[in-house]
Amino acid sequence: MMLHEVASRSCEPSRRVSGLCIFYNPRMATTNQTLAAFFSQMADVLEILEGDRFRINAFRKITRVLEELPEDVAAIGPEVSKLSKIEGIGKSSAERIAEFLITGKMKDHDELLTKIPPTLLELREISGLGPKTIAMFWKEAGITSKAELAEKLKGDQLSNLPGMGEKKLENLRKSLTFSQTAGGRVRIGQAMPMAKWFVNKLRDLKTVKQCEFAGSLRRGKETIGDIDILVAADAKDAAAISEFFIKLDVVSQVLAHGETKSSVRTTDNLQVDLRVIEPSSFGAALMYFTGSKEHNILMRERAIKQHARLNEYGLYKDDAKTLVAAATEEEVYKALGLAWIAPTLREDRGEIALSEKGKLPALLKLSDIKAELHAHTTASDGMWSIRGLAEAAAEHGLEVVAVTDHSRSQFQANGLDEKRMEKHLVEIRKVADEMKKTITILAGTEVDILSDGKLDYPNSLLSQLDVVVASPHAALTQDPEKATTRLLKAIENPCVTILGHPTGRFVNRREGLSPDMKKIIAAAKARGIALEINANSWRLDLRDIHARMAIEAGVKLAINTDAHGPADLNELQYGILTAQRAGATKDDVINCLPKAELLKWLPSTRS
DNA sequence: GCCGTTTTCGGCCCGACTGTTTTCAGTCG
């Protein structure tokens with residue numbers, strides 16, 4: 001219990017320490033995130049101080065591991081032998097983590113941070129400004145913060161420093177301004193339409209033979225740093241294609257422009273990178289630009305072990321001249337003794353070992369989804385009637401749709417009280433009967449999980465419904481322990497079929513609850529209910545790592561759009577990507593069940 | 001600092017672009 005409190009206790013005072021506070025996201029809730037920030041800062045400081053680059057890389061890796069670790073390290077406990085079992089964490093860092101879990105402090109971290117001015121790390125947020133230049137600015141010009149940099153950039157005060165020509169300074173001015181206004185990574189739901197727009201524009205060119213988006217967008221990550229676009233074309237056409245790209249009307253700024261590589265910022269502040277490559281290298285390049293970086297490094301190391309070399313142009317034998325594979329991703333993986341790995345799995349989470357053994361999961365596809373089990377109508381805050389929803393669902397090729405409007409506590413969303421819900425139920429049954437030849441309409445609710453874990457309707461009403469999605473909407477800042485108790489209580493209610501968006505987070509906007517997911521998953525398993533991946537790109541809740549935990553525990557997932565209107569059904573793609581990132585097959589997801597089986601599964605959760 | 005189907009010591013991915021350089025360092029992905 002003490003350990004669980006460590007994160008919040010150690011975060012709290014840090015916010016009061018002047019200067020230091022800026023490095024902490026005030027919403028940072030978990031021990032893992034706090035520790036990840038510590039290791040990241042140690043890496044940053046070491047870079048500026050020109051420390052050992054392999055040590056820096058080790059800290060960077062630990063940062064990533066901690067950020068993605070599904071389990072709270074506080075729950076693992078301060079035992080060095082257990083902590084050092086985590087991939088990437090050796091004995092010395094296990095000791096640092098244990099020290100933090102016990103005392104709420106990390107001596108090495110604190111000491112390193114005293115070696116630079118506390119605000120110096122702000123400068124890392126400015127693109128084009130790296131550790132070498134930051135160190136020089138600090139030592140040669142006394143710059144220790146963004147504000148001081150801005151001041152010195154106003155005049156010509158930095159032009160006497162080595163390497164600081166007028167153009168460089170002008171770029172720094174722009175980057176600094178941008179870093180002060182930009183919001184960082186954007187939601188996948190924002191990036192995807194823009195990426196598709198660029199891809200379509202480029203595909204219209206006759207000289208473009210293939211065009212795909214790559215990067216974290218292709219891997220289906222919930223947030224995207226920039227959009228990577230890859231074009232296959234003959235070398236002679238590359239320059240013209242790059243020229244076309246940087247002159248598209250949504251481009252507001254050209255960040256870099258070469259023959260084969262260009263980079264722009266769009267009017268809505270997205271960075272888009274274009275790479276033009278020979279068609280014969282398209283597969284190797286697509287692999288390279290899809291990443292992840294960690295996956296690529298493992299692949300290149302694998303190539304080296306096989307006396308070969310892998311880069312974006314292909315896989316070469318050790319004389320670096322004999323091309324072994326390059327045209328398609330499948331070829332390159334095969335040449336390295338691997339089965340093709342889906343982009344959504346390329347995160348260095350064991351996918352290469354699975355591929356080697358031929359044990360990669362058969363990931364589910366969008367077309368495997370047969371049912372939408374969470375959608376709203378005008379009865380609460382939706383935009384369409386029961387019939388309108390059902391028709392739209394049928395047009396999307398679905399066989400089953402559940403009408404799940406909000407319960408009474410969601411008064412701002414026009415939630416239904418018991419009386420209205422009972423009338424609504426009659427109406428749903430009526431429309432269901434009228435449309436039974438088109439689609440199966442189920443009667444349900446998205447019932448609020450109140451802050452104490454009670455549900456917003458009595459079981460006498462809930463038991464009349466086919467689908468009960470129980471979701472938290474309010475009290476989303478309660479502490480992890482309360483949140484866990486709350487959700488466990490809801491899961492134990494015998495009427496619940498699906499736990500909806502379990503954390504209530506909004507990507508990039510609010511943290512939501514941080515319940516003990518291990519306990520939630522175990523309880524869902526015991527009850528036989530499903531955990532939702534809410535596909536809306538604002539939510540994506542469960543997130544990928546938790547969905548993976550659920551699958552590993554044998555818990556069924558539900559992938560629902562939580563649709564309030566026609567556009568929302570298209571968000572299903574993001575739920576699919578998240579499920580794929582968790583390694584889900586169609587057997588893991590109740591929305592993929594054939595109708596007859598789904599109609600049997602739903603009541604089975606009540607027994 | 002971490003890791004081990006050639007290693008407990010000796011490795012640790014690779015190339016493009018920019019801006020300032022006369023051959024390269026810094027940054028990025």
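In the text below, chain A, chain B and the rest are named by the order of the sequence lines, each starting its count at 1.
When the nucleotides B/dG29, B/dG15, B/dG26 are ranked by their closest atom to the side chain of A/Asp226, B/dG29 comes out on top. Nearest nucleotide to the side chain of A/Gln271, out of B/dC14, B/dG29, B/dT27: B/dG29. In the set B/dG1, B/dC14, B/dC17, B/dC14 carries the atom at the smallest distance from any side-chain atom of A/Asn311. The side chain of A/Ile304 lies closest to B/dC14 when the candidates are B/dC14, B/dG1, B/dT27. Minimum atom distance to the side chain of A/Arg96 is reached by B/dG1, of the listed B/dG1, B/dG29, B/dA16. Of the listed nucleotides (B/dG26, B/dT18, B/dG1), B/dG26 has the atom at the smallest distance from the side chain of A/Lys132. Each of B/dC14, B/dG29, B/dT27 was ranked by its minimum atom distance to the side chain of A/Asp228; first place goes to B/dG29.
Annotation for A/Gln157: atom CD counts as buried by contact number, over 12 foreign heavy atoms lying within 6.0 Å. Annotation: A/Lys334, atom NZ; neighbour count of heavy atoms from other residues, nucleotides and ligands within 6.0 Å does not exceed 12. Within 6.0 Å of CZ in A/Arg173 there are more than 12 heavy atoms belonging to other residues, nucleotides or ligands.
Here the separation of B/dC9 from B/dC14, taken at their P atoms, is 26 Å to the nearest Å. Nucleotides B/dT8 and B/dC3 place their P atoms 16 Å apart, quoted to the nearest Å. Between B/dG29 and B/dT23, the distance separating the two C1' atoms is 24 Å to the nearest Å. For B/dT7 and B/dC12, the P atoms lie 16 Å apart once the distance is rounded to whole Å. With both ends at atom C1', the span from B/dG10 to B/dT6 equals 13 Å, rounded to whole Å. With P as the reference atom, B/dT20 and B/dG26 are 14 Å apart, rounded to whole Å. With P as the reference atom, B/dT21 and B/dT27 are 15 Å apart, rounded to whole Å.
Comparing A/Arg55 and A/Arg275 against DNA chain B, the residue whose closest nucleotide sits nearer the 5' end is A/Arg55. Nucleotides of DNA chain B nearest to A/Lys293 and A/Gly165 differ in position, and the one nearer the 5' end is that of A/Lys293.
Within 4.0 Å of A/Pro162, counting heavy atoms only, lies no atom of the nucleic acid at all. Here A/Thr260 lies in heavy-atom contact (under 4.0 Å) with sugar-phosphate atoms only. Within 4.0 Å (heavy atoms only), A/Glu166 reaches sugar-phosphate atoms of the nucleic acid but no base atom. Using a 4.0 Å heavy-atom distance criterion, A/Leu310 is classed as a sugar-phosphate-only contact. Counting non-hydrogen atoms under 4.0 angstrom, A/Thr133 reaches the backbone sugars and phosphates but no base.
For A/Tyr313 and A/Tyr288, the gap between ring centers reaches or exceeds 6.0 Å.
Between the CG atom of A/Leu169 and the P atom of B/dG19 there is a distance of 11 Å, given to the nearest Å. Across the protein-nucleic acid pair, A/Glu301 atom CD and B/dC2 atom P stand 16 Å apart, rounded to whole Å. Rounding to whole angstrom units, CZ of residue A/Phe137 and C1' of B/dT27 are separated by 13 Å. When the C1' atom of B/dC17 is taken as reference, atom CD of A/Glu312 falls 12 Å away, rounded to whole Å. Look at OH on A/Tyr316: it is 13 Å from P on B/dC14, rounded to the nearest Å. To the nearest angstrom, P of B/dG26 lies 20 Å from NZ of A/Lys167. In this structure, the CD atom of A/Glu294 is 11 Å from the C1' atom of B/dG29, given to the nearest Å. Rounded to an integer number of Å, the gap from CD of A/Gln306 to P of B/dT6 is 10 Å.
The shortest distance between the side-chain N/O atoms of A/Arg60 and the OP1/OP2 oxygens of B/dC2 is not below 4.0 Å. For B/dC17, the OP1/OP2 oxygens have no side-chain nitrogen or oxygen of A/Ser262 closer than 4.0 Å. Put simply, A/Ser92 has a side-chain N or O that comes within less than 4.0 Å of OP1 or OP2 on B/dC2. Considering only side-chain N and O atoms, A/Tyr313 lies under 4.0 angstrom from the phosphate OP1 or OP2 of B/dA16. Of the side-chain N and O atoms in A/Ser93, one or more sit less than 4.0 angstrom from OP1 or OP2 of B/dC2. For A/Asn57 and B/dC2, the shortest distance from a side-chain N or O to OP1 or OP2 is not below 4.0 Å.
Panel note: side chain A/Asp237, backbone A/Ala233; no donor-acceptor pair is recorded below 3.5 Å. Formation of a donor-acceptor pair under 3.5 Å by the A/Asn311 side chain with backbone atoms of A/Gly314 is found in this model.
Below the 3.5 angstrom threshold, one finds no donor paired with an acceptor across the side chain of A/Tyr288 and the base of B/dG15.
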Could you give me the CA-CA distance, side-chain angles and deciding distance for A/Ser263 and A/Asp273, then say whether side chain to side chain donor-acceptor pair (under 3.5 Å) is met? CA-CA 4 Å; A/Ser263 189; A/Asp273 297 340; 2.5 Å; yes
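Taking a centre distance below 5.5 Å and an interplanar angle below 30 degrees as the stacking criterion, A/Phe54 does not stack against the six-membered base ring of B/dC2.
Pairing partner, B/dT8: none, since no Watson-Crick or wobble contact has both distances short of 3.5 Å.
A/Glu95 and A/Lys91 are joined by a salt bridge, as a carboxylate oxygen and a charged side-chain nitrogen come within less than 4.0 angstrom of each other.
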